[in-house]
Amino acid sequence: MDKSRIATKVPRRKANQENQAPTLITVKDFNRSCLLLLLVVSNLLLCQGNSCPSCGPDVFVSLRKSLTDLYIDAAWLSHEFHNLSAIMFSEFKEKYAQGKLYHINATNSCHTNSFHAPEERDKAHQMNNEDLSKWTLVLLYSWNNPLYHLVPRLRNMKNLSEAVVSSAMEIENMSDKLQAFIESQFRKVIVSVLKTIHEARSSWSGLPSLTSSDEDRRLSEFYNLFHCLCRDSGKVDTYIKILTCRIRKKC
């Protein structure tokens, strides 16, 4: 399945449920509901006197810590995401780009250039949380398709360590996890993200080069991908770390 496409699943009723008769509420069900309501009310009354520990402010502190922990985990994940990208790029340059001129056009060849996502930390700090999450998803979504094709092509390369192939697979997995986290925290920006990608009319078009029989052309595309991934993963790492420091109130 093409990961560059994002599908929204809408639950549907089964055919045999369309004309199903409404369920009757029995006296037993009614009594059970009343008992539950009484328990809730009594619990609230106890809480007014602060006599039940579960209703105290510690509950809210615990929930807050839980959210903070989620952001800390995401910051660690984004750090590893960028770190692995840099390691892959470094090993590729060492084994395949010595004496080559692949770097000359690499910066201008990134398929995410048209988004103009802020790269400097100072500019990123000036954005609000919604904009940070928006640019995070724009970049991550834009890498779904290239990463999908990258792993199987790396397997066919000579003299490339298995660690690089494993790293590419892990990077793809990390990207999925980071997308899921940001989506869960900032659902409202998803429509804006998709609109931004659509209006930019920017998508990766390097597959023909990546599968070319011309080795030099193929290696040049690999170089571009590793270079651009390293740059964009750095941006993602910066954005998520800023979101995390704001949640922790330590910026």
Side-chain angles (χ1 to χ4, degrees), residues 3-4 6 60-90 106-147 167-168 170-200 202-204 224-251:
K3 289 191 175 183
S4 63
I6 303 170
F60 301 101
V61 172
S62 177
L63 290 173
R64 181 180 173 185
K65 285 182 179 178
S66 178
L67 181 60
T68 300
D69 289 342
L70 288 174
Y71 272 92
I72 291 174
D73 290 343
W76 175 86
L77 193 62
S78 68
H79 173 78
E80 287 300 303
F81 180 59
H82 177 50
N83 188 48
L84 281 179
S85 300
I87 290 174
M88 284 201 311
F89 184 36
S90 178
T107 301
N108 296 327
S109 300
C110 296
H111 66 285
T112 56
N113 281 348
S114 61
F115 297 130
H116 304 294
E119 189 167 4
E120 296 80 8
R121 182 175 291 270
D122 290 341
K123 289 185 178 180
H125 268 289
Q126 295 173 11
M127 294 191 293
N128 58 36
N129 290 352
E130 286 70 25
D131 285 339
L132 284 171
S133 63
K134 169 190 169 182
W135 287 119
T136 299
L137 287 179
V138 165
L139 292 175
L140 290 174
Y141 285 172
S142 297
W143 275 99
N144 281 344
N145 194 36
L147 288 176
S167 295
E170 187 63 23
I171 283 173
E172 187 178 18
N173 184 45
M174 288 177 174
S175 178
D176 289 341
K177 289 181 178 179
L178 289 172
Q179 289 176 50
F181 172 73
I182 297 298
E183 288 168 350
S184 69
Q185 300 300 314
F186 298 94
R187 291 185 179 89
K188 293 182 179 180
V189 306
I190 295 178
V191 173
S192 177
V193 168
L194 298 177
K195 182 179 179 181
T196 298
I197 294 175
H198 175 72
E199 291 179 347
S202 176
S203 61
W204 179 61
N224 290 342
L225 278 176
F226 285 130
H227 166 79
C228 299
L229 178 61
C230 186
R231 185 198 68 177
D232 288 347
S233 64
K235 292 182 181 181
V236 168
D237 185 36
T238 296
Y239 302 161
I240 291 181
K241 283 179 177 175
I242 292 175
L243 288 171
T244 301
C245 80
R246 288 177 180 175
I247 288 292
R248 300 178 69 192
K249 298 182 179 179
K250 291 187 177 181
C251 290

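Side-chain contact check for Y71 versus F181: some heavy-atom pair is nearer than 4.5 Å. In this structure, the side chains of R231 and N113 come closer than 4.5 Å at one or more pairs of heavy atoms. Between D73 and W76 the shortest side-chain heavy-atom distance does not fall below 4.5 Å. A 4.5 Å side-chain heavy-atom check between L147 and S175 finds at least one atom pair inside the cut-off. Inter-residue side-chain proximity for M127 and K123 is flagged as unmet; no heavy-atom pair is nearer than 4.5 Å. Contact annotation: the side chain of T112 never approaches that of K235 to less than 4.5 Å [non-hydrogen atoms, C-beta and beyond]. The side-chain heavy atoms of L243 and F186, taken from C-beta on, include a pair separated by under 4.5 Å. By the 4.5 Å heavy-atom criterion applied to side chains, W143 and C228 are counted as neighbours.
The minimum heavy-atom distance between E183 and I190, with the atom names listed, is CG-CD1, 3.9 Å. The shortest heavy-atom contact between V189 and E130 is CG1-O, 3.9 Å. The shortest non-hydrogen separation linking A124 to L132 is O-CD2, 3.6 Å. Here the shortest heavy-atom pairing between H82 and S233 reads ND1-OG, 3.0 Å. Nearest heavy atoms, I242 versus C251: O-SG, 3.9 Å. Residue C110 comes nearest to H227 through the heavy atom pair SG-CD2, 4.0 Å, listed as atom of the first residue, atom of the second, then distance.
T238 OG1 to E119 CD: the interatomic distance, rounded to the nearest 0.5 Å, is 8.5 Å. Taken from CD in E80 to CG in D237, the straight-line distance is 9.5 Å, to the nearest 0.5 Å. One distance of note links SG of C245 with CD1 of I240; it measures 12.5 Å at 0.5 Å rounding. Between I171 atom CD1 and D176 atom CG the span is 12.0 Å, to the nearest 0.5 Å. Taking CG of L137 as the start and CD1 of I182 as the end, the distance is 6.0 Å to the nearest 0.5 Å. To the nearest 0.5 Å, the span separating NE2 on H79 from NZ on K241 amounts to 5.5 Å.
Put simply, the side chain of Y239 never gets that close to the backbone of D131: no donor and acceptor are under 3.5 Å apart. In this structure, S85 contributes its side chain and F81 its backbone to a donor-acceptor pair below 3.5 Å.
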Review point. Taking it one step at a time, do L178 and T136 satisfy side-chain contact (heavy atoms from CB on, under 4.5 Å)?
Key: CA-CA 9 Å; L178 289 172; T136 299; 5.9 Å; no
Exercise for review: Go through L67 and Q185 one step at a time and tell me if the side-chain contact (heavy atoms from CB on, under 4.5 Å) criterion holds.
Suggested key: CA-CA 10 Å; L67 181 60; Q185 300 300 314; 3.5 Å; yes
